[in-house]
Amino acid sequence: MNLTLLILLPLLTAVLILLMRNAQQVKWTALIGSTLQFALAFVLLFAFRNERAGGNEAQMLFELQYNWFPALHISFHLGVDGISVAMILLTAFVVVAGVLVSWNVTKMTKEFYFLLILLSLGAYGFFMSLDLFILFFFLEIAVIPKYLLIGIWGSGNKEKAANKLALMLMGGSSLVLVGLLGVYFGSPEKTFDLMTLSQLNIPVEVQKICFPLLFVGFGVFTALFPFHTWVPDGHSSAPTAGSMFLAGISMKLGGYGCLRVATYIMPDGAKEYADIIIVLSTIAILYGAFATMMQKDLKYINAYSSVSHCGFVLLGIGMLTKTAITGAVMQMVSHGLMTALFFAVIGMIYERTHTRQVNEMGGLLKVMPFITTVLFIVGLCSLGLPGLSGFVAEMTILMGSWQHPDWFHRIATIAACMSIVVTAVYILRAIGQTAMGPIKAEYANLADAKWNEKLAAVILIAGIIAIGVAPFWLNDLVSPAAEIIMNKVAGK
Amino acid sequence: MLNDFLILMKSELVISFIIFLLLFIKVGTEMTNDRLLSLVQFLLLANFIAGFLFNEAGSLFGGAFTTNALMAFQKSILSLGVYLISLLFADWLKKSEHMPEFFMLMLSALLGMFFMISSGSLLMFFLALELSTIPVAAMANFDLEKKLSSEASMKMILSSAFSSGILLFGISLIYGATGTISFTEMPALLDGSPLQILAFVFLFAAFAFKLSIVPFHLWTADVYEGAPIAVSSFLSVISKGSIAFILLTALYKVFGPMHAVWYNMVMILSIATMVVGNLFALRQQNIKRFLAYSSIAQVGFILVGISSNSIEGISSVVYFVLIYTFSNLAAFGVAGVISQQTGKERIDDYKGLYQTNPFISWILALALFSLAGIPPTAGFFGKLFLITAGASRGSYFFITVAALNLIVSLFYYLRVIRAVFMDKNEQPIEKINMHPSTKLGMIICGAGIVLVGLLSWVYDYIVNLSM
C-alpha cells in the first residue's frame with residue numbers, strides 16, 4: 001500500500017474542515033476522516049502481515065522515496081516496520097476516539113477539529129519517516145497545534161501551561177536539531193537518511209556527543225526525568241481530546257524517537273549512556289508513582305501516573321535487550337490507549353459533575369454505570385491487571401530487564417516493580433472515592449454516557465483487551481523489528 | 001556595446017523608466033491617487049516579471065558593474081518586496097498627498113540597491129549605497145504632521161552619515177593597503193596583514209550599521225517606531241535583504257582569503273545579535289518596536305548562514321531573504337492595516353483580534369510562525385538551512401546557541417499569538433475593511449509562506465544559481 005495515503009488523508013480532511021460551513025458539517029467531516037484513517041491503519045496492518053507471511057524479509061516495507069532537497073541530501077523517504085505499524089495503529093485509535101469525545105465542543109469548532117487533525121498528520125508522518133529531516137519536520141508540526149489546543153480550549157491556568165509546554169517541547173526539539181546536524185556532519189557520508197546512517201559507522205566520539213543530545217531532546221517529549229515538568233500542567237489544562245492526544249500520541253513521539261533515531265543509529269552512544277538512562281527512568285517511575293499518591297485532581301493523577309508509565313518505556317530502551325525493547329514498544333501502545341481512555345473518562349465525568357476533585361465526588365456508579373465501569377477497566381489496566389494491556393507490556397519490560405544478571409540492573413528492575421504496588425494504591429483509592437460510597441444530592445440526576453462517548457470508550461477498550469488477551473499479535477509485529485535494533489547494538 | 005548595455009542593465013533601466021514616468025505624471029497630469037496606485041502596482045508587477053527575462057552574465061564599465069543570474073534573482077526578490085509593499089499599504093498610500101514622490105523615492109532607493117548588488121568596485125559600491133540610503137531617510141519623514149516621523153528621519157540621516165564616514169575610511173585604508181578598488185583584483189592582494197584587517201573591520205562596521213548588527217543596532221527600533229509602517233517594512237525587509245546580498249559578495253568573493261579572520265568576527269557578532277535582539281524583543285509593547293527587535297534577531301540568523309563561506313551559505317541566505325520578505329512583510333502589513341484604521345499599535349490592543357478579524361489573524365499567525373521557524377511554514381526551512389550551512393564549520397557551541405535562540409524567539413512570537421487568539425478583550429479591534437489590493441498582498445504573502453518551503457524546487461533553483 002502507498003504510505004503517502006496516511007499523510008494525504010489527514011491533510012485532505014483538514015482542508016475539507018476549513019471549507020465546511022457549520023459546526024455539524026465540521027464534526028461529521030472530522031469523524032468520517034478519522035474513521036477512514038482508522039480503516040487505513042488496519043489495511044496497513046493486514047497488508048504488512050501479508051507481506052511478512054509471504055516471506056518478505058526486508059527491514060522496511062512499502063518504502064517510497066522522492067528527492068526533496070537534493071542539494072542537502074534530503075529525501076522524502078517513508079517506510080514502515082513492525083514498530084511503526086504498531087504506533088500508527090495507536091494513533092488511529094486515539095484520533096478516532098478523540099474526535100468522538102469532543103462532540104460537544106462549541107467554541108470555535110472548526111479550528112478545534114482542524115488542529116486535532118493537523119496533530120494526527122504530524123504523528124503519522126513522524127512514525128513513517130525514514131529521513132531524519134522530515135522526521136524532525138513532522139515532530140515540530142505537532143508542537144503548535146498542542147499549544148493552541150491548550151491555550152484556547154483549555155481550562156485553569158491554560159495560557160501558562162500552554163507556554164510551558166510549547167517552550168519545553170521546542171527546547172527538546174532544538175536539542176534534537178543540534179544532534180541531527182552533528183550526525184549529518186559527523187558521519188562518514190553527509191546524509192539524513194536513517195537507513196543509510198544505520199549502515200554507516202558513525203565515529204564513537206561523534207556518538208558520545210550526539211546520542212545524549214538526541215536522547216534528551218526526544219526524552220523531553222516522553223517525560224524523561226527531570227524534563228517531565230510540562231506533563232502535569234499541560235495535561236491538566238488541556239481540553240479532553242487535547243489531553244488524549246498529548247498523552248496518547250505526543251508522548252509516544254519521544255519514545256519512538258529515542259528508540260528509532262538515537263539508539264538505532266548510535267548504538268555505541270546507547271551503550272555508553274545506558275546506565276544513566278536506567279537511573280533516570282527508574283527515578284521517573286518511582287517519583288511519578290509517589291507524586292500521584294498526593295494528587296486530588298483526577299487529571300493530575302493520570303498525568304503523574306503517565307510520567308511513571310512512560311518511565312517504563314525509557315527503562316525498556318535503556319535495558320538494551322530484545323525483550324525489553326519489545327516491551328517498551330508494547331508499553332507505548334498500551335499506555336497510549338489506556339491513558340487516552342482515562343482522559344476521555346475524566347472528561348466525561350467533568351462535563352457532568354464540573355469537578356475533577358476526587359474527594360468531592362462519590363457514588364457515581366449509581367447514576368452513571370457505563371462511565372464508572374469504563375473508569376474501573378482503565379484503572380485496572382493502569383495498575384497492571386492480567387488480561388489487560390498494561391500487565392502484558394510492563395511484564396515484558398521487567399522480564400527483559402531481569403535478563404541482565406548484574407546487581408545494578410536487578411536493583412533497577414526491583415525498584416521499578418515496586419511502583420506497581422504504589423500504582424495499585426492510588427488507582428484503587430481514586431476509583432473507590434469516585435465510584436463508591438454515598439452519592440451527593442446534586443449528582444443524583446446525572447445522565448450516563450451518550451452514543452459518541454460510548455463508542456469512543458468501546459473502541460479504546462477493544463484495543464486494550466485485544467492486547468491484554470492476545471498479546472502475541474503485537475509481540476509478533478514488534479519483536480522482529482526490535483531484534484534488528486538489538487543486533488545493531490550488539491554489533492552484528 | 002549598446003546592446004550589452006541594454007541587456008545587462010535592463011533591470012536598472014526599467015526602474016529608471018518607471019521613476020521618470022512617475023515624474024512626468026506628477027508634473028503633467030491630474031491623475032487621481034486611486035488610478036495612479038493601480039498603475040504603479042501594475043508597473044511594479046511588470047518589473048518583477050521582467051526580472052526573470054533575458055538574464056545574461058557580463059560586466060560593464062571596466063568591471064565596475066557586473067551581473068549574473070544569481071544577482072538578477074536577488075534583484076527580483078527586492079522587486080517582489082517593493083511590489084508587495086505597494087499592495088499591502090494601499091490604504092495608507094491612497095491617503096497620502098505625495099504618493100508619486102513616495103514611489104519615486106522608494107524606487108530610487110531600489111535602484112541604488114540594484115547597483116549595489118551589481119557593483120564590481122568599492123567606488124561603485126559606495127555610490128550605490130548612498131543612493132539606497134538617502135531616499136529612505138526622506139521616506140521616513142513621510143508622516144509630515146507627526147513629530148516622531150521627523151525624529152526617525154533625523155536619526156536615520158545621522159546614523160547613515162556616520163556609517164558612510166566609517167565606510168569611506170575603510171575603503172581608503174583598503175586602497176592604501178592593496179592599491180586597488182576592484183573586487184576582482186583585490187582577493188589576490190589580500191594577505192591578512194594588520195592594516196588590511198583594520199580596514200576590513202571598518203568596512204564591516206559599515207555593513208553592520210546598515211544591517212543593524214549588535215552593537216550597531218541602536219538606531220533601529222527608534223526609526224522603525226517613528227517612520228510610517230510602509231517605510232519600516234521597506235527598511236527591515238528590502239534594505240536588510242540588499243545589504244545581506246552584498247555582504248555575501250564582499251565576504252565570499254572579495255575577502256574570501258581572509259575567511260579565518262572574519263569567521264570568528266561573524267560568529268561573535270551573530271551570537272550577540274541573536275541574543276540581544278531576542279532579549280529586547282521579549283519586553284516590547286509596541287508592535288513596530290517588537291518587529292524591529294525581532295528583525296535584529298533574524299539578522300543574527302542570517303549571519304549564522306553567512307559564516308559558512310560555502311555554496312550552501314550563499315543559497316541559504318538568498319533563500320532565507322526570500323522567505324523573510326514574505327513573512328516580515330505579512331506581519332508589517334497586518335500591523336499597518338490595523339494602525340491605519342484604528343491607530344492602535346500596542347500588542348495589548350491585539351487581544352481578541354481573532355474574534356473580529358479571523359483572516360488577518362491567520363495571516364499574522366502564519367507570518368509569526370514563519371519568523372519563529374515553525375513547520376510547515378517556509379521559515380522552518382529557511383532557518384534550518386541557515387543553521388545547517390553554519391554547522392558545516394563544525395562549531396557545536398555556535399549551533400547550540402542558535403538553536404537555543406529559536407526557543408527564546410518562539411516565546412515572544414507566542415506572546416502575540418496568545419494575545420490574538422486566547423486573551424479576552426472587552427473592546428477588541430473592530431472589523432477592518434481592507435483595500436482589495438491589501439487583501440491580495442496578504443494572500444500572496446500567505447501563499448509564499450506556505451509554498452516556498454514545501455516546494456523544494458525554489459531552493460534547488462537558488463542552489464543552481466549559486467554554483
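In what follows, every heavy atom counts, from backbone to side chain, and hydrogens, waters and symmetry copies are set aside. Just so it is clear, the structure is predicted and the values come from calculations on it, not from any experiment. Every chain is numbered from 1 and lettered A, B, ... according to where its sequence line falls, protein lines coming before strand lines.
Of the atoms belonging to A:Y147, heavy atoms from both backbone and side chain fall under 4.5 Å from chain B. Proximity to chain B involves both the backbone and the side chain of A:I141, based on heavy atoms less than 4.5 angstrom apart. Contacts of A:L148 with chain B are made by both backbone and side-chain atoms, with heavy-atom separations under 4.5 Å. Heavy-atom distances place the side chain of A:L177, and not its backbone, under 4.5 Å from chain B. Only the side chain of A:F185 comes within less than 4.5 Å of a heavy atom in chain B; its backbone stays farther off. For A:I209, the part lying under 4.5 angstrom from a heavy atom of chain B is the side chain only. Interface residue A:L72: only side-chain heavy atoms are found under 4.5 Å from chain B.
The OG1 atom of B:T377 lies 9.5 Å from the CD atom of A:E140; values are rounded to the nearest 0.5 Å. One finds the NE2 atom of A:H73 at 11.0 Å from the OG1 atom of B:T388 (value rounded to the nearest 0.5 Å). In this structure, CG in B:L384 is found 7.5 Å from CD1 in A:I74, a value given to the nearest 0.5 Å. Here OH of B:Y354 is found 6.0 Å from CE of A:M108. Values are rounded to the nearest 0.5 Å.
Among B:A391, B:A403, B:P375, the residue making the largest number of heavy-atom pairs under 4.5 Å with chain A is B:P375. Among B:L410, B:V463, B:L455, the residue with the largest count of heavy-atom pairs under 4.5 Å with chain A is B:L410.
Note: A:F69 and B:F385 have perpendicular aromatic rings, judged against thresholds of 30 and 60 degrees for the angle between ring planes. Taking the six-membered ring where the residue is Trp, A:W68 and B:F381 present perpendicular rings, their angle passing 60° and hence far from 30°.
Heavy atoms of other residues, nucleotides or ligands lying less than 6.0 angstrom from CZ of A:F138 number more than 12. Under a cut-off of 6.0 angstrom, the local environment of NZ in B:K424 is sparse, with at most 12 non-hydrogen atoms contributed by other residues, nucleotides or ligands.
Residue A:V178 forms a side-chain contact (heavy atoms from CB on, under 4.5 Å) with just one option from B:L404, B:V401, B:I399, and that option is B:I399.
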